[in-house]
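Taking it in order: structure first as structure tokens, then the write-up.
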Protein chains: 2
Amino acid sequence: MSQRIEQPPSLVQLAVNVLLRMMSLGELKPGDRVIENRLTQELGISRPPLREALRVLEQQGMITQIPRKGAIVTNLTLHDVYEIYTLRREVERIAVDLGVPVSDPVRLERVRAALLRLEEAAQAGDHVGVIEGGYEYHAAVIGLSGHRRLEDAYRSLHLQLVLCMAMNRRVREPKEDLLGDAARHRRLLEVIETGDRKAVHEAIITHGDRAFLINIENEIGGHTPESLEWLRLIREEEGLGL
Amino acid sequence: MSQRIEQPPSLVQLAVNVLLRMMSLGELKPGDRVIENRLTQELGISRPPLREALRVLEQQGMITQIPRKGAIVTNLTLHDVYEIYTLRREVERIAVDLGVPVSDPVRLERVRAALLRLEEAAQAGDHVGVIEGGYEYHAAVIGLSGHRRLEDAYRSLHLQLVLCMAMNRRVREPKEDLLGDAARHRRLLEVIETGDRKAVHEAIITHGDRAFLINIENEIGGHTPESLEWLRLIREEEGLGL
DNA sequence: AGCTGGGGTCTTGTCTACAGAAGACAAAAG
DNA sequence: CTTTTGTCTTCTGTAGACAAGACCCCAGCT
């Protein structure tokens, strides 16, 4: 019997999770001030664990602390979005180079399990489940590389992106077809199983969730030469039906 | 006059800096237990700010926390070293792709300034200065990309590497010639100024500080297929006089 | 009317204190 | 002599309280 008893997680960890959830639900929006006393009341914890949680989120880039002035939910600029997208794509690329063809079947099994969860959620019409399953699926793909830091980087970028997408209404009205989404993920898995690295790269490129970028430069500020040039390229590719 | 008033940094920030310094000096070695009360006495601060500092370092991968059991300085395995090295090289590669040829002269100026500091330290025989200057130089090179997250990633990887190198005696007996080191950095800058991306990539590869990997697999554990294969490749390249 | 200075309030930064869990050690039993 | 159990110490997790700093509003002055 390997029935281990469950340890109650620390309040810091719980607070981090709750705050992340609040952000993804839009209860905490970018730019919102984060007042410690208010949150301690809402969460029912005292300030020290909350402050530690805020430090964690600050390191992840979700919270921006200004000394003696307080914390706000990080306001992403267009340049930030550019950074997140470009880095995430590079992370995927590196992971595929390292992880395909797959050496350890256990890692593939993780992708398969995530895909199953994703497909079940899609059939049940469970939007939240599809989003979470989608993350777990992609994380598992990164995990094929056996590179923990790479996966951590992916997670961090993903979380920041969640923050950004929560800003955008288009994403919160999810009328894209869940089943088609799941089918795309299944095809990617099949390509991975062939072990053809180049094919996997191509499959991932056409897999992009860049729809919400369409009008983004009118919604947020912080344009830079790099980010505008990047956006122009994206537009071109999308225009070509990619 | 842009004489801004100096704000006293928070105790958390100070504690992070002191702890990093202790690690690089070997006063805190990988595997060491970190007992909060002891450190609060040494640093002259109370536990809450120290705990927040530990959270920050945990996020950076320098500290490993085990719930209800305390914290230790992260013990790096061979696989970790493999991860750090491979990722750092990828970060450099991405930065060069994005940042060369240089679009913004201000960024190049930063590299030049770092090089000057490095050369001064080299001529003064200031080992610590050379190491710190070397970091600032490389960070500035990453900064050519105008990609803050990329630079953050580089910093994080660098810090973890410091942890690893502090373990290794070879690095603490610095008899390598500082002036030659500075000259190599100057050559890299010259290549960057030509704007020839490919040449920069080659220059960076031959720039490696991989000397301390020579005997590493006998000194630390945590071997994995990936890390051993990687080490084998490194050996081959080094053997070829690279 | 606009600017400057002061008081009040709110918020953060830090410290001390307490409760509960983990580990160490010693004593007793097999 | 080994093993086990009970107690004791140490350390972490959390709470609450206090002090210092930042913001805001209003009165008074130019």
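In what follows, chains are A, B, ... by sequence order, proteins preceding strands, each numbered from 1. This one's a predicted model, so the numbers in the text were calculated from it and none came from an experiment.
In the 5' to 3' direction, nucleotides of DNA chain C lying under 4.0 Å from heavy atoms of chain A begin and end at C/dT11 to C/dA22.
A/Asp32 places a side-chain N or O within donor-acceptor distance of the main-chain N or O of A/Lys29, the cut-off being under 3.5 Å.
Atom C1' of nucleotide D/dT12 and atom CG of B/Leu39 are separated by 14 Å, given to the nearest angstrom. Atom CG of A/Asn37 is separated from atom P of D/dC18 by 15 Å (rounded to the nearest Å). The interatomic distance linking A/Arg51 (CZ) with D/dG16 (P) rounds to 17 Å, in whole Å. Per the geometry, CD1 belonging to B/Ile35 stands 16 Å off C1' belonging to D/dG13, to the nearest Å. As rounded to whole Å, 15 Å separates atom C1' of D/dG16 from atom CZ of B/Arg47.
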Check: Going through the distances and angles, do B/Glu136 and B/Arg110 end up as a salt bridge (Lys or Arg N to Asp or Glu O under 4.0 Å)?
Finding: CA-CA 9 Å; B/Glu136 171 57 21; B/Arg110 184 175 159 213; 3.3 Å; yes

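Ring planes of B/His147 and A/Tyr82: tilted class, angle from 30 to 60°.
A salt bridge links B/Glu90 with A/Arg93; the closest basic N to acidic carboxylate O contact falls under 4.0 Å. For the pair A/Arg47 and B/Glu52, the salt-bridge criterion is not met [side-chain N within less than 4.0 Å of a carboxylate O].
Ring-centre distance between A/His158 and A/His138: not below the 6.0 Å cut-off.
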If you restrict it to nitrogen or oxygen atoms, what contacts under 3.5 Å exist between nucleotides 20-25 of chain D and the protein, and what is each distance?
residue: D/dC23; atom: OP1; partner: A/Lys69; partner atom: NZ; Å: 3.0

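Backbone-only engagement by B/Pro49 is indicated by non-hydrogen atom pairs under 4.0 Å involving sugar-phosphate atoms exclusively.
Residues B/Pro30 and B/Leu163 meet the side-chain proximity criterion, which asks for heavy atoms closer than 4.5 Å. Proximity of A/Ile131 to A/Tyr135: side-chain heavy atoms (C-beta onward) are nowhere separated by under 4.5 Å.
Comparing A/Ile45 and B/Ala71 by the nucleotide of DNA chain D that holds the closest heavy atom to each, the one mapping nearer the 5' end is B/Ala71.
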Would you give me the side-chain donor-acceptor pairs under 3.5 Å for residues 59-67 of chain A, sequence neighbours excluded?
residue: A/Gln59; atom: OE1; partner: B/Gln60; partner atom: NE2; Å: 2.7
residue: A/Gln60; atom: NE2; partner: B/Gln59; partner atom: OE1; Å: 2.8
residue: A/Thr64; atom: OG1; partner: A/Thr74; partner atom: OG1; Å: 2.9

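Between B/Arg33 and the phosphate of D/dC11, there is no side-chain N or O to OP1/OP2 separation shorter than 4.0 Å.
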